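Computed from a predicted structure; not experimentally measured. One-based numbering, in listed order, for ligands and for the atoms of each.
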Amino acid sequence: MPDVETRTRAADAASEAPALALRDVGVVFGAEANRPVLANISLDVREGEFLSIVGPSGCGKTTLLRLLAGLMKPTTGDVLFEGKRVDGPSRARAIVFQDYANALLPWRTVAGNIALPLERAGLSKPEREARVAALVAKMGLDAAANRYPAQLSGGMQQRVQIARCLAQKPRVMLMDEPFGALDALTRQTLQDELLALAAEQRVTTVFITHDLEEAIYLGDRVIALAANPGRVVETIDVGLPKPRNQLTTREDPAFLARRHRLFGLLQGH
Ligand SMILES: Nc1ncnc2c1ncn2[C@@H]1O[C@H](COP(=O)(O)OP(=O)(O)O)[C@@H](O)[C@H]1O
Ligand SMILES: [Mg+2]
C-alpha cells in the first residue's frame, strides 16, 4: 500500500488556465484589519476536478465560496475564472446552499423552481419544458414534479436545488455544505448521485464540508483549512479508485490513512 501522498500543489506546467484560481487572497471584514478572515490563500481548481474543502466552523469556508462565486471581492489578491478576474456572479458558476428550504421558492412547484434559471436565460416555453422534464427524470423527481417544496423531504428538496443548479448548465458547481442538514442515509445516497452527475456533466465542482470523511469520499483532492486566519494547511491527492463505493471506499486503508492525516491536522497536531 502506498504511503499517504501529500503535497502542496506546485503550479502545473499545463498551458490551460485552471478552471478557478485564488492568487494570494486575503479577506478582512470592516475595521478588523488585525484579524483577517482569510490570509494568503493560493489554490487552483482544475477543469473537471472535484475539489473538497474542509475546515472547522468559522475558518472562512463560506467566505471562500462567495469569492469564487463572485458574490464578494477579496481585500487583497485575485480570484480568477478560466484565467479571467472574477468581477461578479455568473451563470457559469452555480451555487448550491446548505439551506435548501430557503434556497427554493415556496410558491413554485418543483418543476417551477427548476425552470427559474431557464426563464432568466430567456429560453422558450417548449425548450424549458423539455429541459425541466429531463432534469426531473435524472434527479428521480418524477413523482414530485408538481408538488411544492414544503411537501418534500429534505433530500428531495436538495435534489431540486441541484437540478435547478444544473439547469443553468454551469461550468462550475460551488456547493456549501449541501448535505449538512440531511440524515446519514439520505446523505450517502446524495453523495453518490452527485458524483455520478458531476462526472457525467463534466462540471468542475468545489464542495465545502466540515465532514472529513465526506471530503475524502467525494474528492479528487482535499484542501484543509485552519482558522484564525483562514489558511490552507494541507492539500491531499485522494487517489482512491472510482466509482467510489460507500462500503469498500470507506474501508480502504488509503481512505483511513487520509482520514487520520486530516483529523490530526485539524486537531492542530
Ligand atoms: N459579512 C461579514 N462581516 C463580518 N464578518 C463576517 C462576515 N462574513 C463572515 N464573517 C466572519 O468571518 C469568519 C468566517 O466565516 P465563514 O466564511 O462563514 O466561515 P465558515 O463557513 O467556515 O463557518 C467568521 O468569524 C464570521 O463571523
Ligand atoms: Mg459556512
Task: Heavy-atom protein neighbour under 4.0 angstrom from atom 26 (C) of ligand 1 - done: no

TODO: Report, in ascending order of atom number, the atoms of ligand 1 lying under 4.0 Å from any heavy atom of S57.
DONE: 23 (O)

- [ ] Nearest 0.5 Å please: distance from the CD atom of Q98 over to the CE atom of M175.
- [x] 12.0 Å

TODO: State yes or no: do V233 and I41 share one hydrophobic cluster built from I, L, V, M, F, W and Y residues joined by side-chain heavy-atom distances below 4.5 Å, directly or via other members?
DONE: no

TODO: Measure from the side-chain N and O atoms of R244 to the backbone N and O of L240, and report whether any donor-acceptor pair falls under 3.5 Å.
DONE: yes

Task: Protein contact of atom 23 (O) of ligand 1 - nearest heavy atom, named by residue and atom, plus distance - done: G58 N, 2.7 Å

Open item on the list: With a heavy-atom distance limit of 4.0 Å, tell me whether T62 approaches ligand 1 through its side chain, its backbone, both, or neither.
Closed with: both

Task: Closest protein heavy atom to atom 12 (O) of ligand 1, given as residue, atom name and distance to 0.1 Å - done: V37 CG2, 3.3 Å

Task: Distance from atom 9 (C) of ligand 1 to nearest protein heavy atom, with residue and atom - done: F29 CE1, 3.5 Å

Task: Pair R171 + E82: basic N to acidic O under 4.0 Å - done: yes

Open item on the list: Quick check for you: to the nearest 0.5 Å, what is the distance between R159 atom CZ and Y100 atom OH?
Closed with: 11.5 Å

Open item on the list: Report whether any nitrogen, oxygen or sulfur of S57 sits less than 2.8 Å from the Mg ion (ligand 2) (N, O or S, backbone or side chain).
Closed with: no

Task: atom 19 (O) of ligand 1 - nearest protein heavy atom and its distance - done: G60 N, 3.2 Å

Open item on the list: Checking D252 against T249: is there a side-chain donor and acceptor pair closer than 3.5 Å?
Closed with: no

TODO: Taking only heavy atoms of T63 into account, list the atoms of ligand 1 that are under 4.0 Å away from them.
DONE: 15 (O), 16 (P), 17 (O)

Open item on the list: Do E251 and T248 pair up side chain to side chain, a donor and an acceptor below 3.5 Å, judged on atom types alone?
Closed with: no

